[in-house]
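For reference, the structure discussed in these notes is given below.
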Amino acid sequence: MSSKQAISLEFFPPRDIAAQEKLVRSAKQLLALHPAYVSVTFGAGGSTRSGTADTVRLMQNLGCDAAPHLSCIGATRAVLADILDSYRQLGIKRIVALRGDLPSGMGGDAGELHYASQLVEFIRRHSGDWFHIEVAAYPEVHPQASSAAADLDHFIEKVKAGADSAITQYFFNADAYHDFVERVRARGVDLPIVPGIMPITNYSQLARFSNMCGAEIPRWMRLRLTDFGDDKASIKAFGMDVISRLSQDLLDSGAPGLHFYTLNNAEVTMGIWKQLRLG
Ligand code: FAD
């Protein structure tokens with residue numbers, strides 16, 4: 001890993017005191033990785049607005065630069081403006097701007113903004129250059145996109161609206177990432193696109209996430225993971241090997257860094273980190 005490559009870590013707001021204690025323990029351990037920043041997810045429809053803000057404050061108290069995720073689906077401009085102002089008051093300088101997903105049955109067109117590009121535009125209009133804006137990228141194509149070409153066009157719209165860098169959905173096939181970066185560069189866009197890294201600890205959970213977000217689990221991995229059955233230790237060991245190899249390949253081929261989806265669990269991310277050659 002070169003001095004130009006940076007690590008970032010993603011956490012989600014804990015649901016109760018026990019989960020919060022676990023999060024603090026995990027975050028303290030993971031600070032050994034010297035992350036450039038940590039990000040905190042935000043539930044669809046604004047349901048965890050206070051959870052995200054509380055967790056961001058918790059991370060700031062641990063000495064981390066914290067970046068809240070902000071999704072626009074289901075929200076009004078007034079609510080979004082209020083959230084942006086409160087983050088600015090907390091001294092937050094980075095935001096992960098997303099469309100978000102509404103829970104099924106709530107209708108796809110709720111709220112005043114329908115796409116992340118509109119949120120990025122709104123943040124720039126409301127807050128100027130105060131925030132560094134991260135957006136989501138989909139090397140294996142967003143599951144609702146009408147085509148790969150249209151998805152790329154919509155990604156470029158987010159950049160043109162004012163995004164500074166991007167974090168990808170997780171993937172297990174490095175070629176999908178390289179192909180995506182190449183297609184973005186061919187459009188004359190040079191923002192950093194940081195691979196999102198998903199540790200593997202639980203096959204059924206991973207299969208469920210992957211079905212929802214369109215990340216492909218290669219056949220050989222599915223078969224290996226199925227063979228392990230309930231043997232959690234073997235799943236974890238296999239996952240750490242596969243993901244550290246993927247992470248190493250990405251770093252060696254010049255990715256600007258890695259964004260770990262920690263799932264609030266230090267052990268697996270630390271395990272992957274320890275297997276990397278750190279140059
Ligand atoms: P967009 O960029 O708006 O794209 C969504 C879809 O709309 C795509 O198919 C795109 O091609 C299409 N599209 C975009 N613009 C147009 C247009 N003008 N016309 C027609 N179609 C268009 N979700 C949460 O709820 N909370 C989180 O904290 C969260 N964190 C995430 C972090 C990362 C790094 C990633 C990769 C995803 C995260 N998500 C989160 C999931 C994300 O909200 C979903 O993937 C969501 O479905 C899309 O969000 P987006 O910002 O990529 O949307």
Side-chain angles (χ1 to χ4, degrees), residues 7-14 37-53 55-56 59 66-75 80 83 87 94-104 106 108-123 132-171 176-177 180 183-184 191-198 208-215 255-264:
I7 297 298
S8 50
L9 304 170
E10 184 172 309
F11 297 104
F12 59 85
Y37 71 94
V38 303
S39 79
V40 180
T41 62
F42 180 81
S47 53
T48 64
R49 173 181 172 183
S50 64
T52 302
T55 307
V56 158
M59 293 295 156
H69 293 205
L70 178 59
S71 62
C72 60
I73 201 154
L80 293 167
I83 296 177
Y87 286 149
R94 186 187 298 254
I95 278 191
V96 183
L98 303 147
R99 183 196 70 177
D101 289 312
L102 276 180
S104 56
M106 278 186 73
D109 56 350
E112 294 177 357
L113 306 179
H114 306 296
Y115 298 109
S117 55
Q118 296 171 309
L119 176 61
V120 174
E121 206 180 300
F122 179 78
I123 297 173
H132 175 109
I133 303 179
E134 304 275 353
V135 288
Y138 300 85
E140 293 183 316
V141 184
H142 185 269
Q144 292 156 2
S146 55
S147 68
D151 207 30
L152 178 66
D153 287 345
H154 297 139
F155 176 75
I156 303 287
E157 279 163 20
K158 296 195 271 197
V159 181
K160 299 248 155 88
D164 296 294
S165 46
I167 306 168
T168 74
Q169 184 56 273
Y170 67 88
F171 54 87
Y177 170 78
F180 180 76
R183 290 191 302 135
V184 172
L191 88 172
I193 301 172
V194 177
I197 302 294
M198 179 63 89
R208 208 175 49 246
F209 280 178
S210 302
N211 264 342
M212 285 186 311
C213 74
L258 300 173
H259 179 82
F260 286 102
Y261 296 108
T262 70
L263 308 175
N264 293 7

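All heavy atoms count here, side chains included; hydrogens, waters and symmetry mates do not. Start at 1 and go down the list; that is how both ligands and their atoms are numbered.
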Determine, using heavy atoms of F12 and all atoms of ligand 1, whether some pair is separated by less than 4.0 Å. no

I'd like to check M198 versus S210 (side-chain heavy atoms, cut-off strictly below 4.5 Å). Are they in contact? no

Please determine if L98 has a nitrogen or oxygen closer than 3.5 Å to a nitrogen or oxygen of ligand 1. no

Hey, would you say the F155 and F180 ring centroids sit under 6.0 Å apart? yes

For Y170, which part has a heavy atom under 4.0 Å from ligand 1: side chain, backbone, both, or neither? neither

Just to be sure I'm reading this right: ignoring hydrogens, which of H114, H154, E134, R99 gets closest to atom 21 (N) of ligand 1? Compare them by their nearest heavy atoms. H154

Going by distance only, is there an N or O of D101 that falls short of 3.5 Å from an N or O of ligand 1? yes

Atoms of ligand 1, numbered as shown, that sit under 4.0 Å from any heavy atom of E157: 18 (N)

Please say whether S71 places an N or O atom under 3.5 Å from an N or O atom belonging to ligand 1. no

Taking only heavy atoms of A116 into account, list the atoms of ligand 1 that are under 4.0 Å away from them. 1 (P), 2 (O), 3 (O), 51 (O), 53 (O)

Does any part of the side chain of V184, heavy atoms only, come nearer than 4.5 Å to the side chain of V159, both counted from C-beta? no

Within the 4.0 Å heavy-atom shell around D151, which atoms of ligand 1 are there? 8 (C), 9 (O), 10 (C), 11 (O)

What part of F155, side chain from CB on, backbone N/CA/C/O, both or neither, has a heavy atom under 4.0 Å from ligand 1? neither

Hey, is ligand 1 close enough to A136 that some N/O pair sits below 3.5 Å? no

Indicate yes or no: does an N/O atom of T168 lie under 3.5 Å from an N/O atom of ligand 1? no

Classify the side-chain pair H69/T41 by whether it contains a donor and acceptor separated by less than 3.5 Å. no

Counting from 1 in the order shown, the ligand 1 atoms closer than 4.0 Å to a non-hydrogen atom of A145 are 9 (O), 11 (O)

Is the shortest N/O to N/O distance between H142 and ligand 1 below 3.5 Å? yes

My understanding is that only residues two or more places apart in sequence, or in another chain, count here; which of them pass salt bridge (charged side-chain N to carboxylate O under 4.0 Å, His left out) with R208? none

Just which atoms of ligand 1 are under 4.0 Å from any heavy atom in Y261? 33 (C), 34 (C), 36 (C)

For R99 and H154: C-alpha separation, side-chain torsions, deciding distance, then whether side-chain contact (heavy atoms from CB on, under 4.5 Å) applies. CA-CA 12 Å; R99 183 196 70 177; H154 297 139; over 6 Å; no

Roughly how far, to the nearest 0.5 Å, is CD1 of I193 from OG1 of T168? 9.0 Å

Contact (N/O only, under 3.5 Å) between T41 and ligand 1: no

Hey, does Y87 have a side-chain heavy atom less than 4.5 Å from the side chain of T52? yes

With heavy atoms and a 4.0 Å threshold, my read on which part of K158 contacts ligand 1 is side chain

Answer with yes or no whether Q118 contacts ligand 1, where contact means a heavy atom under 4.0 Å from a ligand atom. no

Using a plain distance cutoff, I'd like to know if I167 has any nitrogen or oxygen under 3.5 Å from a nitrogen or oxygen of ligand 1. no

Would you confirm whether D151, through its side chain, and H142, through its main-chain N or O, come within 3.5 Å as a donor-acceptor pair? yes

Tell me whether ligand 1 is touched by V96 - counting only heavy atoms on the residue side and a distance under 4.0 Å. no

State whether the shortest distance between N or O atoms of G100 and N or O atoms of ligand 1 falls below 3.5 angstrom. yes

Please examine the side chains of E140 and Q169, heavy atoms only from C-beta on, and report whether any two atoms are closer than 4.5 Å. no

Residue Q169 vicinity, atoms of ligand 1 by number, heavy atom under 4.0 Å: 36 (C)

Fit a plane to each ring of Y170 and Y261, take the angle between them on a 0 to 90° scale, and name the class: parallel (under 30°), tilted (30 to 60°) or perpendicular (over 60°). perpendicular

Given V96 and F42, is the side-chain contact (heavy atoms from CB on, under 4.5 Å) satisfied, shown in steps? CA-CA 10 Å; V96 183; F42 180 81; over 6 Å; no

According to the salt bridge (charged side-chain N to carboxylate O under 4.0 Å, His left out) rule, which pairs have a member within residues 152-171, sequence neighbours left out? R124-D164, D153-R187

